[in-house]
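A short write-up of the structure that comes next.
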Amino acid sequence: VESFGHAAGKLGFPHYVISRVTRSRSSCTRRTALEMIGSHYPQEWVQHYQRRDYAATDPVHRAAFLQSAPYRWHDIIGLSKAERRLLDEAREAGLPAGISIPAHQSDGSILLFNLSGSPHSVNNASNSRLAYLISAQFHFELHRLALIPSTRAAHLLTPRQLECLTWVARGKTSAEIGEIL
């Protein structure tokens, strides 16, 4: 994430968010869930975004499910009043323009790279291509790292230690656990 941020900054994108975006398949209400992987957005904007539950309203997310290629935020068509307000508020919070690169996953989720900077950086075709390349490289590395087997804590603890941890998780004191054991 740090390397990605450094490369994005060199391209003129001081702010970025890398997230996994998932939409529920429920027919009655459509929910958008975000899993944050890395972020360097203004903290005030992140708090405002979370307080208002903007994940479901964000036109950048809507476009990600419709696009397979990078897109600029100002090119998103069919904005509702709420979506337009969200983008206006983002500009006021220090995110003047942006480009998004969606990487569609086999499970239906999207690994979404949002980079924000000046309109000049966003409209520069060379920057857009390089942003796509660093996003693709990040995606590749994330996938590679996910394939490396991790050593689970459960394999490092004895059965008795796991039993003690279970009692701690249930709120027992050391004295109570001693009596139980």
Side-chain angles (χ1 to χ4, degrees), residues 1-25 30-43 45-46 48-50 52-80 82-148:
V1 171
E2 191 175 311
S3 295
F4 179 89
H6 181 72
K10 292 280 188 187
L11 294 174
F13 301 110
H15 300 291
Y16 65 89
V17 167
I18 305 166
S19 60
R20 187 175 318 278
V21 184
T22 309
R23 281 204 173 147
S24 66
R25 290 170 171 59
R30 187 159 60 180
R31 296 279 307 156
T32 301
L34 284 181
E35 173 193 350
M36 298 304 292
I37 296 170
S39 174
H40 189 266
Y41 265 16
Q43 191 59 37
W45 170 247
V46 172
H48 178 75
Y49 189 96
Q50 290 171 337
R52 298 217 175 199
D53 192 26
Y54 273 164
T57 308
D58 198 333
V60 172
H61 297 160
R62 178 176 56 83
F65 285 93
L66 302 172
Q67 300 287 330
S68 58
Y71 54 92
R72 297 174 300 188
W73 300 349
H74 64 264
D75 289 337
I76 299 172
I77 58 171
L79 292 175
S80 69
E83 290 173 330
R84 199 171 293 112
R85 184 180 68 238
L86 187 152
L87 290 178
D88 288 342
E89 290 176 14
R91 269 190 293 282
E92 292 169 11
L95 305 170
I99 184 169
S100 294
I101 297 117
H104 294 262
Q105 308 296 288
S106 59
D107 65 358
S109 68
I110 296 171
L111 187 61
L112 186 59
F113 301 86
N114 294 317
L115 297 101
S116 180
S118 70
H120 173 74
S121 296
V122 169
N123 293 323
N124 182 306
S126 177
N127 279 1
S128 296
R129 285 192 288 280
L130 290 171
Y132 175 77
L133 289 174
I134 65 171
S135 300
Q137 184 62 38
F138 184 97
H139 182 217
F140 173 78
E141 291 298 322
L142 185 66
H143 181 71
R144 182 185 65 78
L145 291 171
L147 296 176
I148 297 173

Please tell me whether Tyr49 and Tyr41 form a close aromatic pair, meaning their ring centres lie under 6.0 Å apart.
no
Could you point out which residue of Leu79, Val21, Thr57 forms a side chain to side chain contact (heavy atoms under 4.5 Å, CB included) with Arg62?
Leu79
For a 4.5 angstrom cut-off between non-hydrogen side-chain atoms, does His48 reach Trp45?
yes
Where Leu112 and Ala64 come nearest, the two heavy atoms and their spacing:
CD1-CB, 3.9 Å
Quick one: pull up OG in Ser39 and NE2 in His15 and give me the separation to the nearest 0.5 Å.
10.0 Å
Determine the interplanar angle of the Tyr16 and His40 rings, folded into 0 to 90°, and report it as parallel if under 30°, tilted if 30 to 60°, perpendicular if over 60°.
parallel
Looking at OH of Tyr71 and CD1 of Ile77, how far apart are the two atoms once the value is rounded to the nearest 0.5 Å?
13.0 Å
Side chain to side chain contact (heavy atoms under 4.5 Å, CB included) evaluation trace for Leu142 with Arg20
CA-CA 12 Å; Leu142 185 66; Arg20 187 175 318 278; 4.0 Å; yes
Applying the side chain to side chain contact (heavy atoms under 4.5 Å, CB included) test to Pro102, which of Val60, Asn114, Ile110 qualifies?
Ile110
To the closest 0.5 Å, what do you measure between NZ (Lys10) and NE2 (His6)?
4.5 Å
A quick test of your reading: do over 12 heavy atoms of other residues, nucleotides or ligands sit less than 6.0 Å from CG of Leu145?
yes
Go through it in stages, so that I can follow the logic: the residues are His74 and Asn123, the test is side chain to side chain contact (heavy atoms under 4.5 Å, CB included), and I'd like the CA-CA distance, side-chain angles, deciding distance and then a yes or no.
CA-CA 10 Å; His74 64 264; Asn123 293 323; 3.1 Å; yes
Under 3.5 Å, is there a donor on one side chain and an acceptor on the other for Glu83 and His61?
no
Find out whether Ile101 and Leu115 are in side-chain contact, i.e. whether some heavy atom of one side chain is under 4.5 Å from a heavy atom of the other.
yes
Is there side-chain contact between Leu95 and Pro42, with at least one heavy-atom pair below 4.5 Å?
yes
Minimal non-hydrogen separation, Ser135 against Phe4, with atom names
OG-CE1, 3.8 Å
Closest non-hydrogen atoms of Pro14 and Gly117, given as atom of the first, atom of the second and distance, are CD-CA, 3.9 Å
Going by heavy atoms in the side chains, are Ile99 and Asn127 under 4.5 Å from each other?
no
If we ignore hydrogens and angles and just use 3.5 Å, is the side chain of His104 paired with the main-chain N or O of Phe65 as donor and acceptor?
no
Could you report the tightest heavy-atom contact between Ser100 and Trp73, atom names first, then the distance?
OG-NE1, 2.8 Å
Taking every heavy atom of Phe13 against every heavy atom of Ser121, the minimum-distance pair comes out as CZ-O, 3.6 Å
Answer yes or no: is there a donor N or O on one side and an acceptor on the other, between the side chain of Ser19 and the main chain of Glu35, under 3.5 Å?
no
If we only count heavy atoms from C-beta on, is the Gln137 to Phe140 side-chain gap below 4.5 Å?
yes
Just verifying a value: how many Å separate Leu11 CG and Ile134 CD1, rounded to the nearest 0.5 Å?
5.0 Å
Side-chain contact, heavy-atom cut-off 4.5 Å: Leu34 with Val17?
no
Enclosure of His120 NE2 (heavy-atom neighbours >12, cutoff 6.0 Å)
no
Is any side-chain N of the basic residue among Asp88 and Arg91 closer than 4.0 Å to the acidic one's carboxylate O?
yes
